[in-house]
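Accompanying notes for the structure given below.
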Amino acid sequence: MPAPDATQEALSIDLASDSVRALNQRLHESMEPRRVRVLHPAGMHSIAVGLDAAHEVEIDGHVGYYCAGMNKLATVRVRGNCGVGVAENMMSGRVVVEGSASQSAGATARGGMLVVHGDASARCAISLKGAEVVVRGSVGHMSAFMAQRGSLVVCGDAGDALGDSLYEARLYVRGSVASLGADCIEKELREEHLTQLQELLAKAEIDDVNPAEFRRYGSARTLYNFHVDNLGSY
Amino acid sequence: MCGIAGLYTKSPGLQDRLGEHLARMLEQLAFRGPDSAGAAFYRAPAPPGSCKVSLCGDEVDWEAIGAELADAFEGASPPRVLATHAVFVVEAEAAEVQAWLAQEHPTLRLMSAGSSIEIFKAAGAPADFIERFAIERLDGSHALGHTRMATESRVTTEHSHPFSTGLDLCLVHNGSLSNHNRLRRRLRSEGIHFQTDNDSEVAAGYLTWRLREGASLEQALEGCLEDLDGFYTFAVGTADGFAVLRDPIACKPAVMAETDEWVAIASEYRAIAVLPGAQNAVTWEPEPGRVYSWGTAPVA
């Protein structure tokens, strides 16, 4: 789908006077890609959820829960912080958070890219199913819990129990890892991973971080099938 | 789900409008807790040698209670009545007044005691609470508020937050505790008194007990990490400020923000967005298992 016409003037929606529902309906009604600017979000929930066209949405301020949830095709940029579950279950498109994100950022996301320029707190990329999540800062505990596919790139540190019960998602962390979760191990960072990291960082428009400084973590695959010796870990 | 709000002023300019700001915060948190609401205000400290008590009762002749208090002690202020509550300043130590009330008026419920604390709470919608208690008209140095969605026990005024945890201390809680019955039995054997079967009251009782045994507020809160099983974001009001703690799993949300004028905690950012200058505040999520506090020397 084509991007919005660059000459098109952005539609401004002010949440100090319009409701979130009115905003979302405008975005859902138009399959023609639009440029939309959202003013005074004031921490409101469910802003720009369920988009299904290549809109370019810019939000001026902090948002509440589930911003850009279920996103498809659209680019959503938050000029502030996000509450719980930004870009949860994203299918495609791109979500950029210029501030920090609360817990469960990118939860269960299947495709597209989530970039958080600040920190993301607990359970970042939990149950990730294929999206690319890049965090410029650090992530909290239980990040990438049961992540199945996709990549999590953390330029800072990771909290406790990183990648607990991980499936096939790839985790890259540049700083320290407080602890690894059950069945998550460090793996060799090979050429193909360096290439992938370079691509992910470039796509996230982060150019001051050296891909060679990252470590890679993945599943030891010992929890895939029932084994009585693992009983304590299930 | 419940909602927590706390506002600590750094400049006198904001103190006159503390109630107005807390009311706006509680309104934003009403949908997190439609069952009941409450607030603790720290304001107008009683003079040395006097104490302040907040009482709650139905159809009480508060003027008569005031006269009895004035007779029993060196003196007492007339009641300041807010809906079902009344606040008295009594020329005596808080412990003496508490003992007298328990003896003479056992049906009156003591909401708070101390020098500056006043606690008000009621079952019912937060908007009704704000209106009935004229919360917007209250001033003070800092305040905590709560909106409740009951999960563990009944919806009554007694089960509402804040819970007093000692002189000038109170607790508001978002979450649920699973070992509260056993802990309540243990605390009762230590002489801690409970009014309800509410889990949050047990957390308040736990803090009261630890502080009585000589712990600092920070030590008492760190003890929660060991001794309480469950989910919680706590905010504890003290004479000089407030403290915040989230359990290590941190399912229950919290956002903090600070400007040159104020420090605020809320369950959600939307309750901070209503404060003056919020857009330029430093805003962050408190880390799990870490005690944050504002105000010098929270507890002696």
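Lettering follows sequence order; numbering is per chain, from 1.
Minimum interatomic distance between B:Pro253 and A:Tyr65 (heavy atoms only, all atoms of both residues): CG-OH, 3.4 Å. The nearest pair of heavy atoms linking A:Ala42 to B:Ala273 is O-CB, 3.7 Å. Nearest heavy atom pair, residue B:Ala250 against residue A:His141, reads CB-CE1, 4.0 Å. The two residues A:Ser121 and B:Glu285 come nearest to each other via the heavy atoms OG-OE2, 2.6 Å.
Within 6.0 Å of atom CD in A:Glu186, more than 12 heavy atoms from other residues, nucleotides or ligands are found, so the atom counts as buried in its surroundings. Around atom CG of A:Asp208, more than 12 heavy atoms belonging to other residues, nucleotides or ligands sit under 6.0 Å away. Crowding of B:Phe31 atom CZ: a count of heavy atoms from other residues, nucleotides or ligands under 6.0 Å exceeding 12. Heavy atoms from other residues, nucleotides or ligands lying under 6.0 Å from CZ of B:Phe129 number more than 12. Residue-environment remark: CZ (A:Arg26) stays at or below the threshold of 12 foreign heavy atoms within 6.0 Å. Within 6.0 Å of the OH atom in A:Tyr167, the count of heavy atoms belonging to other residues, nucleotides or ligands does not exceed 12. The number of heavy-atom neighbours closer than 6.0 Å to CZ of B:Arg43, taken from other residues, nucleotides and ligands shown, is above 12.
Looking only at side-chain heavy atoms (C-beta outward), B:Gln28 and A:Met44 stay at 4.5 Å or farther from each other. Taking 4.5 Å as the limit, some side-chain heavy atom of A:Arg123 sits within range of a side-chain heavy atom of B:Ile249.
Between the side chains of B:Glu268 and A:His45, at least one donor N or O sits under 3.5 Å from an acceptor N or O.
Only the side chain of B:Pro288 comes within less than 4.5 Å of a heavy atom in chain A; its backbone stays farther off. Interface remark: A:Ser102 contributes backbone and side-chain atoms alike to the contact with chain B (heavy atom separation under 4.5 Å).
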